[in-house]
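Everything on this sheet refers to the single structure shown next.
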Amino acid sequence: MAPFESGRRLCLLVEAGETRYAIEATSVMEVALPGSDGTSLRGMLEVKDLSVLLGGAPESGTGMVVVLDVSPTLAVRVRAVVEVADVAHTPFFLLPAGLGETLAPLTRGAILHKGRLYLELIAESLPQRGVRTPQPLARPVHLLESPPDRSLVFESQGRLFGLPLGLVSQVVTRGEAFSMLPVQSGAVAGVFPHAQVLWPIFSVPAMLGASAETEAFFVLTEMAGQNVGLCATRVLGVLQRFESTGERGEYTASGLPGPVLFLDLQHMFS
């Protein structure tokens, strides 16, 4: 009896780079150890790095090989094979907007299995030569001309940022459910399932030109009608009575260790 006829949907769960993936078992021909040099399977089939194919960094070890039933046959190297799991009744999420165009044609969405998020790959859509390096989505930087009455202040990559309190939904800790994305540039750090919604997690410093880094906390907000999470090293609390430092968009308040930058994120995400 076929998996769907029996009410089951089996997926091979793997880790590649810093991301976890699910591949339907019907698309998997074989799971094996790579050859001694890690570049071929039994000297017959070239092994390609799945992380690199999807735009991520190369694997550091030999890992395992997954042979996919596509045309032409594709053998990919993954860091680890987690398990074969029945995900028929596992929570499923569509990918949120704003992640760029690279992942959309390669994934059905994401599944949450045993508290961890896996991007579900479409085997027949996987590239043979790697995806085109995505261009970061450029968001023009806009600054608030005046601080709001009450603001949440948080730190990210050593810098303080402020958000109007009305935009903040919740502050949560990063857990195992968070998933990084296989990209090496741009402001998106990853995706995080919370309250039956998959949130894109952005790095505010990366919007200003730094690299995106995943931090200990996520500030969940609503920006221009979109669910948006922001990385934070720590949250300093809700403050008011801000005074200008003389620099555009930058303000101070009593008890803070330094100036706070207020980006007009509503405008930037609209």
_Do T90 and Y118 have side chains that approach each other closer than 4.5 Å (heavy atoms only, starting at C-beta)?_
no

*Return the minimal non-hydrogen interatomic distance between L117 and A177, and the atom names on each side.*
CB-O, 3.0 Å

_Please tell me whether M223 and I201 are part of a single hydrophobic cluster in this structure, the criterion being side-chain heavy atoms less than 4.5 Å apart._
no

*Compare every heavy atom of S51 with every heavy atom of D49, then report the nearest pair and how far apart it is.*
OD1-N, 3.0 Å

*What closest approach, in Å, do F154 and L230 show between heavy atoms, and which atom pair accounts for it?*
CZ-CD1, 4.1 Å

*Report the C-alpha distance between E15 and V82 in whole Å, list the side-chain angles of each, state the deciding distance to 0.1 Å, and finish with yes or no for side chain to side chain contact (heavy atoms under 4.5 Å, CB included).*
CA-CA 7 Å; E15 298 175 351; V82 179; 3.9 Å; yes

*Checking side chain to side chain contact (heavy atoms under 4.5 Å, CB included) for the pair F92/E120: CA distance, chi angles, key distance, verdict?*
CA-CA 9 Å; F92 177 84; E120 185 175 345; 3.8 Å; yes

*How about E83: does its CD atom have over 12 heavy atoms from other parts shown lying under 6.0 Å from it?*
yes

*State yes or no: do V168 and V235 share one hydrophobic cluster built from I, L, V, M, F, W and Y residues joined by side-chain heavy-atom distances below 4.5 Å, directly or via other members?*
yes

*Do side-chain atoms of E124 reach the backbone of V70 as a donor and acceptor pair under 3.5 angstrom?*
no

*Would you name the heavy atoms of H267 and S270 that are closest together and state the gap between them?*
O-OG, 2.7 Å

*asked:* Within the 4.5 Å heavy-atom criterion, are L41 and E30 side-chain neighbours or not?
replied: yes

*Below 4.5 Å, heavy atoms only, C-beta onward: do R116 and L13 meet side chain to side chain?*
no

*When you look at V78 and M64, which way does the side chain to side chain contact (heavy atoms under 4.5 Å, CB included) test go after all the steps?*
CA-CA 5 Å; V78 300; M64 297 288 290; 4.2 Å; yes

_Salt bridge E24-R9, side-chain N to carboxylate O under 4.0 Å_ = yes

*Do M180 and R20 have side-chain heavy atoms sitting under 4.5 Å apart?*
no

*With hydrophobic residues grouped by side-chain heavy-atom distances under 4.5 Å, do F178 and V191 end up in a single group?*
no

_Looking at Q157 and S211, would you say the former's side chain and the latter's main chain have a donor-acceptor pair under 3.5 Å?_
yes

_Shortest non-hydrogen contact from W199 toward G229_ = CE3-N, 4.2 Å

*asked:* If I take atom CD from residue E59 and atom CD from residue E18, how far apart are they, to the nearest 0.5 angstrom?
replied: 8.5 Å

*Which heavy atom of T73 sits nearest a heavy atom of M29, and at what distance?*
CG2-SD, 4.3 Å

*asked:* Pairing donors with acceptors under 3.5 angstrom, does anything connect the side chains of T233 and E215?
replied: yes

*Is the shortest heavy-atom distance from the side chain of V219 to the side chain of F161 under 4.5 Å?*
no

*Gap between atom CZ of R77 and atom OG1 of T39 - 0.5 Å precision*: 9.0 Å

*Same cluster (ILVMFWY, side-chain, under 4.5 Å), I111 and F93*: no

*Can you tell me how far CE of M268 sits from NE2 of H142, rounded to the nearest 0.5 angstrom?*
7.0 Å

*State whether the number of non-hydrogen atoms from other residues, nucleotides or ligands found under 6.0 Å of E243 atom CD is greater than 12.*
no

*With a 4.5 Å limit on heavy-atom distance, are the side chains of V188 and L181 in contact?*
yes

*asked:* Any heavy-atom pair between the side chains of L119 and L95 that's under 4.5 Å?
replied: yes

*Could you give the distance from CZ (F202) to SG (C231), rounded to the nearest 0.5 Å?*
10.5 Å

*F242: which other cluster members, linking ILVMFWY side chains closer than 4.5 Å, directly or transitively?*
L144, V153, L160, L236, L239, Y251, L256, V260, F262

_Connected via hydrophobic side-chain network under 4.5 Å: L50 and I122_ = no

*Taking the side chain from K48 and the backbone from R129, do they hold a donor-acceptor pair closer than 3.5 Å?*
no

_Backbone N/O of G249 and side chain of E145: donor-acceptor pair under 3.5 Å_ = no

*Are V65 and L45 close enough that some pair of their side-chain heavy atoms sits under 4.5 Å apart?*
no

